[in-house]
Amino acid sequence: MGSRNMATLTKENPLMSGAAKTLFPQPCILVIFGAAGDLAWRKLLPAIYNLNLDGVLPSNFAVVGFGLGAKGDPDGWIRDRAKEGIQHFSRHPFDQRRFDDYARALFFVEGSFNDAHAFERLKAKLEVVDAQFSTANNRIFYMSIPPSLVDMSVGHLKAAGMVRDNEDAGAFTRVIVEKPIGHDLDSAREINASVAQAFHEDQTYRIDHYLGKETVQNLLVLRFANSILEPLWNGKYVDHVQITVAEEEGVGSRLGYYEGVGALRDMVQNHILQVLCMTAMEPPFSLAPNVVRDAKTEVLHCLRPLTPNDVETSVVRAQYIAGEIDGQVVPGYRREVADYFAKANKPIPGDSTTETYVAMRVFIDNWRWAGVPFYLRTGKRLPKRASEVAIQFRAVPQILFNANPDVPLEPTVLSIRVQPEEGLALRIATKLPGPKVRIYPVKMEFNYNTGFGGSSPEAYERLLLDVMAGDATLFMRRDQVETAWQFVMPILESWEHSRVRYLPEYRAGTWGPLEADKLIEADRRQWRTV
Ligand code: BG6
């Protein structure tokens with residue numbers, strides 16, 4: 001694949017350099033378990049293609065897929081599949097010559113995760129590829145497989161002698177664990193324990209792709225590389241914070257996974273709580289992975305635990321019903337469930353109470369944030385795909401320009417747009433030109449694409465490089481995952497006990513249920529228009 005040497009990497013590629021730390025991706029083989037699956041097709045194989053095109057992969061590098069699903073010659077099959085995935089989903093346009101360079105280092109081993117012989121075949125293939133590409137016995141195993149297969153896979157890897165201690169002869173073995181990490185606290189602990197049978201914590205990279213998004217990473221730079229923001233970043237100046245992750249897409253083809261999981265487990269327990277941590281954490285004393293992760297974990301520890309009564313009053317769940325998106329009529333979630341199971345010739349479950357929307361108010365009980373509500377919301381089939389973190393500052397006193405209580409001034413808001421147009425905006429009050437004093441809110445905006453040109457690397461690109469470089473800063477540590485589950489468990493338990501038959505509804509293409517508006521309006525605040 002890429003043939004540049006590492007000295008040029010740090011100079012040329014902003015992904016890889018920074019005043020604070022410099023990363024070097026090491027030669028290795030990336031082994032993708034479940035390479036025939038959706039994630040590999042849409043995200044991982046295109047991400048590697050983009051990294052190759054950008055010339056930032058280690059010079060000695062190869063990819064070996066493992067799993068079931070190949071038809072005919074396994075290597076030819078995975079190359080065709082990668083090509084198709086890249087043509088559909090890659091950030092950089094497809095280029096046959098560059099693809100050929102990529103494809104010559106892409107292989108597939110067909111085998112089942114419960115078959116010890118298949119693991120022996122994988123081992124033999126890795127040895128051959130290692131010799132061919134001089135990857136120095138370094139291996140990264142990417143578990144892009146259902147959680148139920150992780151224990152078995154890790155066990156076979158270990159039994160086949162494919163897991164070395166980091167220290168062993170300088171070669172590394174690392175494992176990447178995909179979400180969902182568990183269905184609840186107990187199952188998360190089980191998955192973590194399974195992985196820990198074979199891998200030390202410093203070999204384990206639990207991925208949360210939101211942490212690889214440029215603007216989520218920029219939260220730290222924004223806060224700690226600018227002198228004007230951090231002094232204001234606390235309850236003395238901040239009225240409240242809103243974190244929104246809105247999706248236009250419905251559950252669609254992922255229904256088999258989503259039904260019984262829902263938005264709280266799918267989005268809040270991981271992505272939204274991680275973004276919350278980046279927004280609220282204390283300044284770490286260095287950028288060393290564990291120092292940053294300690295600071296984030298503290299936020300989770302400071303989240304005020306929710307009592308059953310808090311769940312009633314501070315958490316809203318809802319489900320979409322049929323509606324219109326971009327002029328197209330789309331079905332409701334229950335209809336999709338029925339169609340999905342009918343098509344799969346499986347018994348259709350009773351009326352689903354899986355939530356496709358969650359809104360909640362949480363508090364972080366520490367000195368910085370005491371009394372400041374954080375409003376979190378996420379949902380599918382909302383009017384558009386738009387995610388942001390918005391810091392709303394306190395209103396100015398009701399004197400001078402804000403003297404009329406019937407027309408209060410719009411407060412100052414700093415919004416960090418995570419997607420789709422990455423950027424940030426500061427809304428401030430200004431005087432409209434003219435003889436009268438009329439105040440108007442204006443936005444000072446920065447947009448990544450126009451500001452820096454070109455497209456930002458996809459989250460998976462950044463995260464894969466970090467694993468190759470051995471930098472775990474943007475990955476979830478075991479205790480973080482378990483602490484995040486601890487926080488959401490009272491909500492899951494309350495919902496379980498309530499046994500409701502219908503959830504509040506929202507029409508597809510609208511901004512969620514009335515109950516969510518009431519939640520924030522009870523505090524005399526409003527959801528932002530994103
Ligand atoms: C995944 C969830 O982790 O994140 C999906 O399982 C969700 O349900 C997706 O659609 C959102 O990711 P992104 O990067 O498109 O915002």
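Counting starts at 1 for both ligands and their atoms, in listed order. These figures come from a predicted structure and were not determined experimentally.
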One pair to check against side-chain contact (heavy atoms from CB on, under 4.5 Å): R361 and I520. What are the steps and the verdict? CA-CA 8 Å; R361 172 182 44 226; I520 193 164; over 6 Å; no

Of all protein heavy atoms, the one nearest atom 12 (O) of ligand 1 is H209 NE2, 3.1 Å

Please confirm whether the ring centroid of Y357 lies under 6.0 Å from the ring centroid of Y506. yes

Heavy-atom gap K380 to ligand 1 smaller than 4.0 Å: yes

At what distance is the nearest protein heavy atom to atom 5 (C) of ligand 1, and which residue and atom is it? R254 NH1, 3.2 Å

Are any of the N or O atoms of Q419 closer than 3.5 Å to those of ligand 1? yes

Within a radius of less than 6.0 Å around CD of Q197, do more than 12 heavy atoms belonging to other residues, nucleotides or ligands occur? yes

Please list the nearest protein heavy atom to atom 16 (O) of ligand 1 with its residue and the distance rounded to 0.1 Å. Y210 OH, 2.4 Å

W41 side chain near D38 side chain, heavy-atom distance below 4.5 Å: yes

If you measure from each heavy atom of Y258 to ligand 1, is any distance below 4.0 Å? no

With distance as the sole test, does T483 use its side chain to make a donor-acceptor pair with the main-chain N or O of H301 at under 3.5 Å? no

For atom 15 (O) of ligand 1, tell me which residue out of K179, R265, E247, R385 has the closest non-hydrogen atom. R385

State, with a plain yes or no, whether a side-chain heavy atom of I491 is found less than 4.5 Å away from one of M360. yes

To check your reading of the model: name the closest protein heavy atom to atom 14 (O) of ligand 1, its residue, and the distance in Å. K213 NZ, 2.6 Å

Looking at E461 and K43, is there a salt bridge between them, counting it only when a charged N and a carboxylate O are closer than 4.0 Å? no

Out of D266, L39, I207, the nearest non-hydrogen contact to atom 2 (C) of ligand 1 is supplied by D266

